[in-house]
Structure formats: C-alpha cells, structure tokens
Participant: 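Let me give you the structure first, and then I'll get to my questions.
We use all heavy atoms of the structure for the numbers below, so side chains are in, but hydrogens, waters and symmetry mates are not. If you're wondering where the values come from, they're calculated on a predicted model, not measured in any experiment.
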Amino acid sequence: MALIMCFLSLFGSGAVKNYRVEAPEGLGEYTVKETAVTDNADFYVSPDGNDENDGSFDSPFATVERARDAVRSIDKTGLDGITVAIKAGDYRILSLEFTAEDSGTENCPVTYCAYGDGEVIFNGGI
C-alpha cells in the first residue's frame, strides 16, 4: 500500500520530483552503481561468444552456464578471487543454477559482474 501511495504522490500531480524512498526493513540502503570496465576478469561472457572458446576477453564464452562450469573446474587454492565479466546484451537462460560451491571460498570469492555500463539481460521466457 505504501508503494502505491508513493507512486501516486510522485506521478499524481504530473510533476516528477526526486524522492528518496527508504529501503524495506532488513535491507540495506540503496547505493548508486559504480560502472567501470573490468579489464582483469578471469573469464568473459558475450552474446557473440562461443562456449568452445577459452573465456578470455578476445575469445569469450557465449553462456553464463559455461563460465560457471569453468569457474567450478579451477583449483581455488592460493587464489584471492575469481571474476566473471558479462558483456552487454541479451542472454537466453534455459536452466541456470548456482550452488554454495559457486560462491568460491572465504579466501577466493567468486564474483559475477556486468562488463562496463551496458545493459545485461537474462531472459528465461519463451
């Protein structure tokens, strides 16, 4: 109900104003996304990639599933983190499941992020 009232107060008068809405209880405050080109990711995914590629910047994977499987196969001992950068575009997701092992370890966390400031869209609809 509060959300509806917020929209009515924002758009009901015809003038749009900048309002800061508090985060729901239990969630942190909204922070602005910082965008930067990730030039040192371990793997890259691109709509024009190929899952037979090695996942490098110049030879990216085509699917997040393939990147996830590549991350799973790495011995994480001695690593301080693994990053998968997903380039802008539309991605068809048939079945994507992450488990606890996909988070990495305390010393080697796994991070999936958008590459640059382009829009990444995962589409699971038909």
Side-chain angles (χ1 to χ4, degrees):
M1 182 57 117
L3 185 58
I4 294 170
M5 296 304 293
C6 178
F7 279 111
L8 290 176
S9 67
L10 285 174
F11 300 107
S13 66
V16 177
K17 300 177 184 176
N18 289 328
Y19 288 97
R20 185 174 189 96
V21 178
E22 286 187 37
E25 189 173 322
L27 296 179
E29 188 173 310
Y30 171 79
T31 55
V32 177
K33 176 185 170 192
E34 294 182 24
T35 58
V37 174
T38 303
D39 59 0
N40 61 350
D42 300 285
F43 297 107
Y44 291 86
V45 180
S46 175
D48 59 354
N50 185 316
D51 281 348
E52 298 299 317
N53 289 345
D54 62 8
S56 65
F57 182 83
D58 292 325
S59 297
F61 296 130
T63 64
V64 176
E65 293 92 338
R66 176 63 181 97
R68 178 207 54 204
D69 294 344
V71 170
R72 284 179 177 176
S73 71
I74 293 176
D75 178 8
K76 296 167 185 61
T77 306
L79 298 178
D80 61 358
I82 299 171
T83 300
V84 176
I86 304 168
K87 295 182 179 183
D90 294 329
Y91 294 87
R92 177 93 166 99
I93 303 292
L94 298 175
S95 176
L96 177 62
E97 180 180 350
F98 290 100
T99 64
E101 75 175 307
D102 297 314
S103 297
T105 65
E106 185 175 338
N107 294 327
C108 182
V110 176
T111 303
Y112 289 82
C113 64
Y115 173 82
D117 61 355
E119 186 174 51
V120 174
I121 298 171
F122 295 132
N123 185 349
I126 295 176

Participant: List the atom of Ser46, the atom of Pro60, and the distance in Å for their closest heavy-atom pair.
Facilitator: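 What the structure gives for the nearest pair is CB-CG, 3.6 Å.
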
Participant: Take Arg66 and Phe43, measure what side chain to side chain contact (heavy atoms under 4.5 Å, CB included) needs, and give me the verdict at the end.
Facilitator: CA-CA 10 Å; Arg66 176 63 181 97; Phe43 297 107; over 6 Å; no

Participant: Is the Phe57 ring parallel, tilted or perpendicular to the Tyr44 ring (thresholds 30°, 60°)?
Facilitator: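 Geometry flag for Tyr44 against Phe57: perpendicular rings.
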
Participant: I need the full list of salt bridge (Lys or Arg N to Asp or Glu O under 4.0 Å) pairs touching residues 50-60, with sequence neighbours left out, sorted by first then second residue.
Facilitator: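 Sorted pair list comes back empty.
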
Participant: Honestly curious: do Val120 and Tyr112 fall in one hydrophobic cluster under the side-chain, below-4.5 Å linking rule?
Facilitator: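 As far as the 4.5 Å side-chain criterion goes, Tyr112 and Val120 are connected within one cluster.
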
Participant: Please report the closest heavy-atom contact between Tyr91 and Pro47, naming both atoms and the distance.
Facilitator: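 What the structure gives for the nearest pair is OH-CD, 3.0 Å.
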
Participant: Suppose we screen for side-chain hydrogen bond (donor to acceptor under 3.5 Å, both in side chains). Which residues come up paired with Thr77, at least two apart in sequence or across chains?
Facilitator: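 Asp75.
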
Participant: So, does Lys76 use its side chain to make a donor-acceptor pair with the main chain of Val71 at under 3.5 Å?
Facilitator: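 The answer is yes, because a donor-acceptor pair under 3.5 Å joins these two groups.
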
Participant: What is the minimum heavy-atom distance between Val45 and Ala67, and which atoms define it?
Facilitator: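 Reported closest heavy-atom pair: CG2-CB, 3.6 Å.
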
Participant: For Asp42 and Ile82, which heavy atoms make the closest approach, and how far apart are they?
Facilitator: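 Looking at all heavy atoms of both residues, the shortest contact is OD2-CA, 3.2 Å.
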
Participant: Do Thr63 and Arg68 make a side-chain contact, defined as non-hydrogen atoms from C-beta onward lying under 4.5 Å apart?
Facilitator: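 No - every pair of side-chain heavy atoms lies 4.5 Å or more apart.
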
Participant: Of all the heavy-atom pairs spanning Val64 and Phe122, show the shortest one and how long it is.
Facilitator: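 Heavy atoms only, the tightest pair is CG2-CE2, 3.6 Å.
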
Participant: For the CG atom of Asp69 and the CD1 atom of Ile74, what is their distance to the nearest 0.5 Å?
Facilitator: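 So the CG of Asp69 and the CD1 of Ile74 are separated by 11.5 Å.
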
Participant: Of all residues at least two apart in sequence or in a different chain, which pass the salt bridge (Lys or Arg N to Asp or Glu O under 4.0 Å) check with Asp102?
Facilitator: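 With neighbours one apart ignored, the set is Arg72.
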
Participant: Search all heavy atoms of Phe61 against all heavy atoms of Asn53 and return the closest pair with its distance.
Facilitator: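 It is CE2-O, 3.0 Å.
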
